[in-house]
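Heads up, the thing below is written out as structure tokens.
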There are 2 protein chains.
Amino acid sequence: MGNPLPRDPIADAQRNWERHGWGDVAAPMAAITAIMRTQQILLARIEGVLKPFGLTFARYELLALLSFARSRALPMNKASALLQVHPTSVTNAVDRLQDAGLVVRSPHPTDGRTTLIELTTEGRTLAKRATAALNTEVFGQSGFASQDVDQLIRILGRFRQNAGDFGD
Amino acid sequence: MGNPLPRDPIADAQRNWERHGWGDVAAPMAAITAIMRTQQILLARIEGVLKPFGLTFARYELLALLSFARSRALPMNKASALLQVHPTSVTNAVDRLQDAGLVVRSPHPTDGRTTLIELTTEGRTLAKRATAALNTEVFGQSGFASQDVDQLIRILGRFRQNAGDFGD
DNA sequence: TCCAAACCCTTGGATGTCCTAGTATATTGC
DNA sequence: GCAATATACTAGGACATCCAAGGGTTTGGA
């Protein structure tokens, strides 16, 4: 989508902030902007790897969640909570996965409000293959040094906890 | 969109990866997933602050870019490169900002292919006010410790450079 | 017991992102 | 000078996300 820029646009923005007298928030602004951009880069890599499988990242995440769940079937609201996305996003993903024959919906045995989702055999197979591809082509070549990975897990873990993602 | 989970879902995923024999990529997987989730949290905060101004993050970024540009008018392709988004995304944002009276399009004086975008007076004022709000309500309360901010800038800066974002 | 409040999922609408093509204008090479 | 190639923007389509609202089911208090 573009060639490398001559200079780091985020470092430029940080300098702009300092120049305007906002030096006290320039660094957090740069860090947050860098997170946004990094996410964009990583998402593009992930989607690129998943495309041959006919999957998007959103659909893969749901497939992976189901493949690791203890119980074979998961309520949609549970999936929404664990994936931390809006319930309508899960509805959307399940619609498409079901059209592709990778998951099936079934009614909850005792709660008429709840819908369960479950992997089909093809869904389980595809989840395995897609995970293997992501492991070798993205996670195995993340571009982060080992110590940096640890730092990221620590820093972002604390941030997410403070943001109310999880207790503990 | 949800209450805190009892446990960190990303730490759970990391354990799942290790349990399946993918221990060598479990940590990068967790780090990358944490980046995705952190971006989601930050974006929600930013959009929440910008909503009263009638802005989204995409539109704000364009407004901010224009307000810091040396030249009053910027070609659309330049904006696309600096914001690192697809040209059609800039077209989309400019359409809406123009409808809102915050920017105007004008033809390039010498290159008939190029369209310049320029802030209106209202656009410049709104950019200032929105920036002030983001500085106090988001960047000033990022939730990252000062040393962590430095770590993030360093780690993600190197990552972005290796990913080909910029030379230097 | 029974109705109001809470909960679950889905539909419809607004936005944003990207990709693919199409149109118009510039630049390059012969 | 003219054709071929490259560049700039935009239109249309596929997906994802969220919010608001609606319809069905369960729960809980009067």
Side-chain angles (χ1 to χ4, degrees), chain A residues 1-3 36-37 39-48 50-51 53-63 73-100 103 105-117, chain B residues 1-3 36-37 39-48 50-51 53-63 73-100 103 105-117:
Chain A
M1 186 176 31
N3 299 311
M36 310 296 279
R37 173 58 185 157
Q39 186 268 352
Q40 188 183 17
I41 294 169
L42 290 169
L43 181 60
R45 284 190 193 172
I46 291 170
E47 299 269 13
L50 293 176
K51 197 178 192 83
F53 298 100
L55 292 175
T56 62
F57 186 47
R59 296 178 213 170
Y60 167 76
E61 279 196 298
L62 185 49
L63 237 45
L74 214 58
M76 303 209 27
N77 65 337
K78 197 103 176 180
S80 168
L82 290 170
L83 296 177
Q84 310 189 97
V85 296
H86 200 276
T88 52
S89 297
V90 176
T91 295
N92 185 329
V94 171
D95 283 349
R96 298 172 193 280
L97 288 171
Q98 191 165 39
D99 287 348
V103 307
R105 271 183 247 239
S106 59
H108 190 285
T110 66
D111 189 334
R113 298 168 299 183
T114 299
T115 298
L116 299 174
I117 42 187
Chain B
M1 187 176 30
N3 299 311
M36 310 295 280
R37 173 58 184 156
Q39 186 267 354
Q40 188 183 17
I41 294 169
L42 289 169
L43 181 59
R45 284 189 193 172
I46 291 170
E47 298 268 13
L50 292 177
K51 196 179 192 83
F53 298 99
L55 292 174
T56 63
F57 186 46
R59 297 179 212 169
Y60 167 75
E61 279 195 298
L62 185 50
L63 237 46
L74 214 58
M76 302 207 31
N77 65 337
K78 198 101 177 182
S80 169
L82 291 170
L83 296 176
Q84 309 190 98
V85 296
H86 200 277
T88 52
S89 297
V90 176
T91 296
N92 186 331
V94 170
D95 283 348
R96 298 172 194 280
L97 288 172
Q98 190 165 39
D99 287 348
V103 306
R105 268 185 248 239
S106 57
H108 190 286
T110 66
D111 189 333
R113 298 169 299 181
T114 301
T115 299
L116 299 174
I117 41 187

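We use all heavy atoms of the structure for the numbers below, so side chains are in, but hydrogens, waters and symmetry mates are not. A note on names: the letters A, B, ... follow the listed sequences, proteins ahead of strands, and every chain is numbered from 1. The structure presented is a predicted model; accordingly, all values stated were derived computationally and were not measured.
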Are the side chains of A/Ile117 and A/Leu62 in touch, meaning some heavy atoms are under 4.5 Å apart?
yes

To the nearest angstrom, the CG-P distance between B/Leu43 and D/dA16 comes to 17 Å

Under 4.5 Å between any side-chain heavy atoms of A/Met76 and A/Arg105, yes or no?
yes

Whole Å only: how far is the CE atom of B/Met76 from the C1' atom of C/dT23?
15 Å

For C/dC8, take OP1 and OP2 only and decide whether either is under 4.0 Å from a side-chain N or O of A/Thr114.
no

Select base, sugar-phosphate, or nothing to describe what B/Thr110 touches, counting heavy atoms under 4.0 Å on all strands.
sugar-phosphate

Of the listed D/dC9, C/dA6, D/dA16, the closest approach to the A/Arg113 side chain comes from C/dA6

A/Asn77 and A/Val90: side-chain contact (heavy atoms from CB on, under 4.5 Å), yes or no, with the steps?
CA-CA 8 Å; A/Asn77 65 337; A/Val90 176; over 6 Å; no

Pairwise 5' ranking along DNA chain D for A/Gln84 and B/Arg105, keeping only the more 5' one
B/Arg105

Examine the base of D/dC19 for any acceptor or donor lying under 3.5 Å from a partner atom in the side chain of A/Thr88, and report the outcome as yes or no.
yes

Side chains of B/Thr114 and B/Lys78: does their closest heavy-atom pair fall under 4.5 Å?
no

Tell me: CD of A/Glu61 to P of D/dC15, nearest whole Å?
18 Å

Minimum-distance nucleotide to A/Asp111 side chain [options: C/dC9, D/dT25, D/dC15]:
D/dT25

Distance in angstrom units between A/Ile41 CD1 and C/dC18 C1', rounded:
16 Å

Considering just the side-chain nitrogens and oxygens of B/His108, establish if one lies under 4.0 Å of OP1 or OP2 belonging to D/dA8.
no

side-chain N/O B/Ser89 vs C/dG16 OP1/OP2, d < 4.0 Å
no

Starting from C1' on D/dC18, measure out to CZ on B/Phe57 and report it in whole angstrom.
17 Å

Length of the CD-P vector between A/Gln98 and C/dT10, whole Å:
9 Å

Point-to-point distance, once rounded to the nearest 0.5 Å, from CZ of B/Phe57 to CD1 of B/Ile46
4.5 Å

Just to be sure I understand the rule, does A/Glu47 reach a base, reach only the sugar-phosphate, or reach nothing, if contact means heavy atoms closer than 4.0 Å?
nothing

Counting side-chain heavy atoms from CB outward, which of D/dT17, C/dC18, C/dT11 is closest to A/Asn92?
D/dT17

